Amino acid sequence: MYNFNFYMPTKVLFGPGKLSELHSEQLPGKKALIAIGGQSVKKYGYLETLEKELDTAGIEHVLFEGIRPNPTDINVMDGAKAVRENGCDFVIALGGGSIMDCTKCIALMAANDGNIWDYSLSASGGKKTPAHPALPIVCITTSAGTASEVDIASVITNDETQEKTGIFFPSMFPTLSVVDSNLMMSVPAKLTAYQGMDAFFHASETVVNINHHPMAEMFALKTIEYVAKYLPRAVKDGNDKEARAYMALANTFAGYYMMCTSAHTMEHVMGSFHDNLIHGAGLIEIAHAYYDFFAEKKASEENMIKMAAAMGVANPTSGKDFIAALDKLISEVGCSDLKMSDDGITKEELQLYPAKVHEVLGGDITADPLPLSDDDYLTIFENAWR
């Protein structure tokens with residue numbers, strides 16, 4: 001028998017219009033810090049809707065703005081300071097994955113001493129265990145990609161050390177999350193594609209992961225099926241409500257059992273050198289080279305055949321069928337022209353990347369279909385570079 005643990009303490013309000021039900025929920029405090037990034041949540045009325053829901057529920061609230069697309073340790077500490085100064089007893093993330101990631105760390109640091117990097121497991125991190133649990137967290141996602149609304153993980157960048165790393169503790173599970181696809185209708189086509197492919201890769205990495213099991217596979221293959229079917233539609237027509245709703249579901253399914261491999265770590269290396277690189281775009285840029293490395297060696301044939309079948313391939317027989325389906329999907333969502341060089345990545349700097357794979361966290365580099373050496377990492381990076 002397989003052995004695994006499944007723990008999902010987050011209550012999820014899922015479906016179009018669910019944000020308007022927030023006031024009827026038992027919220028985990030009396031005063032909230034609402035964390036946002038750019039201006040889109042104001043422009044499209046999402047912030048106003050949230051504030052009205054909190055007012056109806058009798059919850060005080062203050063606004064913390066300016067979280068970066070790749071949130072930093074400085075963002076986290078500024079937010080934690082704002083929580084303390086305003087006497088907030090819980091936090092609300094309103095936005096995409098970056099906002100939710102940063103807000104989870106804000107909640108952790110509002111309850112603990114020191115700097116967020118004291119609790120990082122990266123090369124320069126302090127590797128400490130927090131003395132106190134994070135403050136309660138509510139996540140309201142406006143994107144379908146990271147699944148941060150249902151997991152403990154956050155990805156934070158340290159500009160000084162050029163590290164982009166995962167920080168995760170059990171208390172960082174959100175208490176309550178809202179997955180309302182109406183809030184995703186305004187996401188531009190390119191970002192829809194990047195975010196949706198991030199969800200896809202959460203699932204595909206889970207399936208090829210040598211430690212995967214039936215529970216993980218169940219969520220992952222359904223995610224792959226939905227992304228392959230509905231992401232092209234959502235990219236083509238952002239007002240396609242059915243496609244948006246299924247992409248929201250795919251994203252959340254992927255988060256319920258996410259078992260990332262070295263692909264995510266490799267992208268985090270890229271992002272640690274180029275903090276303007278959008279995570280999903282970076283994953284797309286290395287995807288063909290990464291999966292084809294294993295397909296060429298027939299290292300994950302059964303799993304890749306399952307993924308190809310989930311993507312609608314009739315009678316797949318090899319990993320190469322999955323590679324073809326992956327390339328087709330990337331083309332259908334308008335991302336086949338993505339180039340690492342367009343993001344400022346030079347072929348020369350790739351030599352620095354393999355060593356960084358061992359310093360930057362993202363996925364489990366021991367869980368790949370085959371163990372990868374530094375020469376293998378470099379080969380994949382170089383094959384992906386354009």
Side-chain angles (χ1 to χ4, degrees), residues 69 96-97 143-146 184 187-205 207-208 223-238 240 243-244 246-247 250-251 254 260-264 266-271 274 276-296 300 304-305 307-314 316 318-347 349-350 353 377 379-386:
S143 68
T146 69
M184 304 170 189
V187 179
K190 276 291 185 185
L191 290 179
T192 297
Y194 298 160
Q195 293 162 1
M197 290 307 298
D198 186 17
F200 180 93
F201 294 129
H202 290 156
S204 60
E205 290 175 50
V207 175
V208 300
T223 296
I224 289 167
E225 175 189 336
Y226 286 160
V227 174
K229 183 174 181 178
Y230 293 104
L231 182 58
R233 283 175 49 179
V235 170
K236 182 178 180 181
D237 179 8
D240 186 332
R244 290 289 192 184
Y246 272 104
M247 281 307 304
N251 167 61
C260 292
T261 61
S262 66
H264 258 68
M266 293 172 72
E267 194 289 325
H268 285 181
V269 171
M270 295 158 62
H274 299 271
N276 290 323
L277 174 64
I278 297 173
H279 176 57
L283 288 170
I284 293 167
E285 288 168 358
I286 63 170
H288 177 96
Y290 181 82
Y291 289 97
D292 198 51
F293 182 91
F294 298 112
E296 284 285 340
S300 193
M304 288 190 178
I305 288 170
M307 292 193 291
M311 297 176 76
V313 177
S318 75
K320 287 291 187 177
D321 290 319
F322 169 69
I323 302 301
L326 174 61
D327 291 344
K328 180 174 179 283
L329 176 59
I330 290 172
S331 177
E332 287 176 340
V333 299
C335 292
S336 56
D337 60 343
L338 288 182
K339 297 179 181 178
M340 294 167 74
S341 57
D342 288 342
D343 293 311
I345 298 173
T346 67
K347 195 163 188 179
E349 77 183 69
L350 299 181
Y353 286 10
Y377 290 127
T379 294
I380 294 170
F381 278 126
E382 288 182 337
N383 287 344
W385 189 88
R386 290 190 292 162

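Along the sequence shown, residues are numbered consecutively beginning with 1. The structure displayed is predicted, hence computed values, not measured ones.
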Engineer: Can you confirm whether Leu191 sits close enough to Ile278 that some side-chain heavy atom of one is under 4.5 Å from a side-chain heavy atom of the other?
Structural biologist: yes
Engineer: Would a 4.5 Å heavy-atom cut-off, applied to side chains only, mark Phe200 and Asn251 as touching?
Structural biologist: no
Engineer: Is there a side-chain contact between Tyr353 and Met266 (heavy atoms, below 4.5 Å)?
Structural biologist: no
Engineer: Taking all heavy atoms of Glu267 and all of Ile286, pick out the closest pair and write down the distance.
Structural biologist: N-CD1, 4.2 Å
Engineer: Minimum heavy-atom separation for Ile224 and Val207, please, with both atom names.
Structural biologist: CD1-CG2, 4.2 Å
Engineer: Any side-chain heavy atom of Phe201 within less than 4.5 Å of one from Tyr291?
Structural biologist: yes
Engineer: Quick one: CD on Glu296 to CZ on Phe293, what's the gap to the nearest 0.5 Å?
Structural biologist: 10.0 Å
Engineer: If we ignore hydrogens and angles and just use 3.5 Å, is the side chain of Asp321 paired with the main-chain N or O of Ile305 as donor and acceptor?
Structural biologist: no
Engineer: When you measure from the side chain of Trp385 to the backbone N and O of Ile345, does any donor-acceptor pair fall under 3.5 Å?
Structural biologist: yes
Engineer: Nearest 0.5 Å, please: how far is SG in Cys335 from CG in Leu283?
Structural biologist: 11.5 Å
Engineer: How are the rings of Tyr246 and Tyr230 set relative to one another: parallel (under 30°), tilted (30 to 60°) or perpendicular (over 60°)?
Structural biologist: parallel
Engineer: Strictly distance-based, threshold 3.5 Å: is any side-chain N or O of Asp240 a donor or acceptor partner for the main-chain N or O of Ala243?
Structural biologist: yes
Engineer: Atom CG of Leu326 and atom CD1 of Ile330: how far apart are they, to the nearest 0.5 Å?
Structural biologist: 4.0 Å
Engineer: Do Glu285 and Leu277 pass the side chain to side chain contact (heavy atoms under 4.5 Å, CB included) test, and can you show the C-alpha distance, the side-chain angles, and the key distance before you say yes or no?
Structural biologist: CA-CA 11 Å; Glu285 288 168 358; Leu277 174 64; 4.1 Å; yes
Engineer: Does any part of the side chain of Leu350, heavy atoms only, come nearer than 4.5 Å to the side chain of Met340, both counted from C-beta?
Structural biologist: yes
Engineer: Charged N to carboxylate O under 4.0 angstrom, Lys328 versus Glu332?
Structural biologist: yes
Engineer: Show the nearest heavy-atom pair for residues Val333 and Val235, with the distance to one decimal.
Structural biologist: O-CG1, 3.9 Å
Engineer: Are more than 12 heavy atoms from other residues, nucleotides or ligands located less than 6.0 Å from atom NZ of Lys229?
Structural biologist: no
Engineer: Quick check: closest heavy atoms across Thr261 and Glu205, and the distance to 0.1 Å?
Structural biologist: N-OE1, 2.9 Å
Engineer: Any sub-3.5 Å donor-acceptor pair from Glu349's side-chain atoms to Thr346's backbone N or O?
Structural biologist: yes
Engineer: Can you confirm whether Phe322 sits close enough to Met311 that some side-chain heavy atom of one is under 4.5 Å from a side-chain heavy atom of the other?
Structural biologist: yes
Engineer: Closer than 3.5 angstrom, by distance alone: can the side chain of Asp327 be matched with the main-chain N or O of Ala324 as a donor-acceptor pair?
Structural biologist: no
Engineer: Less than 4.0 angstrom from a charged side-chain N to a carboxylate O is my criterion; do Asp342 and Arg386 meet it?
Structural biologist: no
Engineer: Identify the heavy atoms of Leu338 and Ile284 that sit nearest to each other, and give their distance.
Structural biologist: CD1-CG2, 3.8 Å
Engineer: Quick check: closest heavy atoms across Ser143 and Gln195, and the distance to 0.1 Å?
Structural biologist: CB-OE1, 3.2 Å
Engineer: Show your working on side chain to side chain contact (heavy atoms under 4.5 Å, CB included) between Arg244 and Thr192 and close with a plain yes or no.
Structural biologist: CA-CA 9 Å; Arg244 290 289 192 184; Thr192 297; 3.0 Å; yes
Engineer: Please check: side-chain N/O of Thr223 versus main-chain N/O of Ala250, any donor-acceptor pairing under 3.5 Å?
Structural biologist: yes
Engineer: Could you check whether the rings of His264 and His202 sit parallel, tilted or perpendicular, using 30° and 60° as the cut-offs?
Structural biologist: tilted
Engineer: Using only heavy-atom distances, determine whether the side chains of Tyr377 and Ser262 contain a donor-acceptor pair under 3.5 Å.
Structural biologist: no
Engineer: Just so I know, are the side chains of Met307 and Ser204 near enough to count as touching, which here means a heavy-atom distance under 4.5 Å?
Structural biologist: yes
